[in-house]
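Following: one structure in structure tokens, then a few remarks.
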Amino acid sequence: MATLKDQQKDAEAEGLSATTLLPKLIPSGAGREWLERRRATIRPWGTFVDQQRFSRPRNLGELCQRLVRNVEYYQSNYVFVFLGLILYCVVTSPMLLVALAVFFGACYILYLRTLQSKLVLFGREVSPAHQYALAGGVSFPFFWLAGAGSAVFWVLGATLVVIGSHAAFHQVEAVEMEELQMEPV
């Protein structure tokens with residue numbers, strides 16, 4: 001925990017703190033704290049994409065070691081790669097943008113409605129969870145028409161290929177490799 005605070009202080013000294021870089025739309029809570037931790041523990045992008053550090057692993061053992069160590073070491077970078085792929089998929093699919101607009105518009109209308117008064121349907125008060133489920137049900141045809149299912153699988157597949165390739169071919173630092181060497185028994 002101390003290293004996280006030290007990294008945040010270093011970033012603040014440079015004029016960029018994780019809290020100022022996060023969008024103001026993300027409410028405070030567990031999600032925002034998680035995203036702040038990811039942002040604070042991100043590794044330098046220069047070493048992440050340095051082409052001189054990529055090579056083919058010599059054997060299956062080294063491949064497994066690279067996968068484990070790189071996923072552990074670059075975990076926050078990989079989260080932002082995943083988010084970038086999601087953003088790319090949404091931006092390049094206009095119908096998916098429309099479906100998301102319908103869903104979030106319905107949620108916003110329900111939110112405004114609950115601020116005014118409780119929603120009563122057939123003499124029963126409808127809980128917020130049921131209201132948002134109704135918004136999802138209303139927007140489901142739009143997501144289906146937009147091909148949201150294929151978009152989800154495209155993002156998952158692209159993420160596995162990009163992150164798996166990076167983790168498999170990115171060399172582990174020499175100091176880290178010494179820790180991973182197994183002693184013969």
Side-chain angles (χ1 to χ4, degrees), residues 1-12 15-43 45 48 68 71-164 166-167:
M1 187 68 180
T3 59
L4 178 64
K5 289 184 180 184
D6 292 339
Q7 290 174 349
Q8 287 177 343
K9 287 179 184 178
D10 293 341
E12 288 172 0
L16 300 172
S17 70
T19 55
T20 60
L21 294 175
L22 290 175
K24 300 298 181 201
L25 296 174
I26 299 173
S28 59
R32 185 178 185 93
E33 291 172 10
W34 180 83
L35 196 56
E36 285 175 356
R37 281 195 310 267
R38 290 289 137 235
R39 179 79 174 117
T41 59
I42 201 163
R43 303 296 180 179
W45 288 101
F48 182 76
V68 169
V71 167
E72 180 182 301
Y73 187 75
Y74 290 113
Q75 183 180 20
S76 295
N77 295 66
Y78 292 147
V79 167
F80 284 99
V81 167
F82 174 68
L83 293 175
L85 287 170
I86 290 173
L87 184 65
Y88 171 78
C89 186
V90 168
V91 169
T92 58
S93 175
M95 190 62 183
L96 193 55
L97 282 171
V98 169
L100 286 170
V102 167
F103 174 70
F104 287 118
C107 288
Y108 184 68
I109 289 170
L110 288 173
Y111 171 74
L112 292 177
R113 174 87 171 116
T114 56
L115 288 178
Q116 293 174 354
S117 64
K118 303 278 183 187
L119 181 64
V120 177
L121 192 62
F122 300 117
R124 295 182 66 186
E125 184 178 315
V126 182
S127 71
H130 287 115
Q131 292 176 25
Y132 291 123
L134 178 65
V138 167
S139 59
F140 177 77
F142 292 99
F143 282 113
W144 183 71
L145 288 172
S150 62
V152 167
F153 286 108
W154 181 88
V155 168
L156 291 176
T159 300
L160 285 175
V161 167
V162 170
I163 291 174
H166 182 274

Problem - Side chain Thr41, main chain Arg37, donor-acceptor under 3.5 Å - result: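 The answer is yes, because a donor-acceptor pair under 3.5 Å joins these two groups.
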
Kindly compute the distance separating [atom1] ([X]) from [atom2] ([Y]), expressed to the nearest 0.5 Å.
X      : Y      : atom1 : atom2 : value
Met95  : Trp144 : CE    : CH2   : 10.5 Å
Lys118 : Arg124 : NZ    : CZ    : 15.0 Å
Thr114 : Ile109 : OG1   : CD1   : 12.0 Å
Leu160 : Phe82  : CG    : CZ    : 9.5 Å
Phe142 : Leu100 : CZ    : CG    : 12.0 Å
Leu112 : Cys107 : CG    : SG    : 11.5 Å

Between [X] and [Y], what is the shortest heavy-atom contact and its length?
X      : Y      : answer
Phe103 : Tyr132 : CE1-O, 4.4 Å
His166 : Tyr78  : ND1-OH, 2.6 Å
Leu96  : Ala148 : CD1-CB, 3.9 Å
Val81  : Ile163 : CG1-CG1, 4.5 Å

Practice task
Quick one: do Arg39 and Phe80 satisfy side chain to side chain contact (heavy atoms under 4.5 Å, CB included)? Show the steps, please.
Solution key: CA-CA 9 Å; Arg39 179 79 174 117; Phe80 284 99; 4.2 Å; yes

Handout entry: Parallel, tilted or perpendicular: ring planes of Tyr74 versus Phe48, cut at 30 and 60 degrees
Key =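 Ring orientation of Tyr74 relative to Phe48: perpendicular.
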
Practice task
I would like to know whether Leu85 and Trp154 meet side chain to side chain contact (heavy atoms under 4.5 Å, CB included); could you show each step before the answer?
Solution key: CA-CA 9 Å; Leu85 287 170; Trp154 181 88; 4.2 Å; yes

May I have the list of side-chain donor-acceptor pairs in residues 133-140 shorter than 3.5 Å, sequence neighbours left out?
from   : atom 1 : to     : atom 2 : distance (Å)
Ser139 : OG     : Ala135 : O      : 3.0
Ser139 : OG     : Gly136 : O      : 3.3

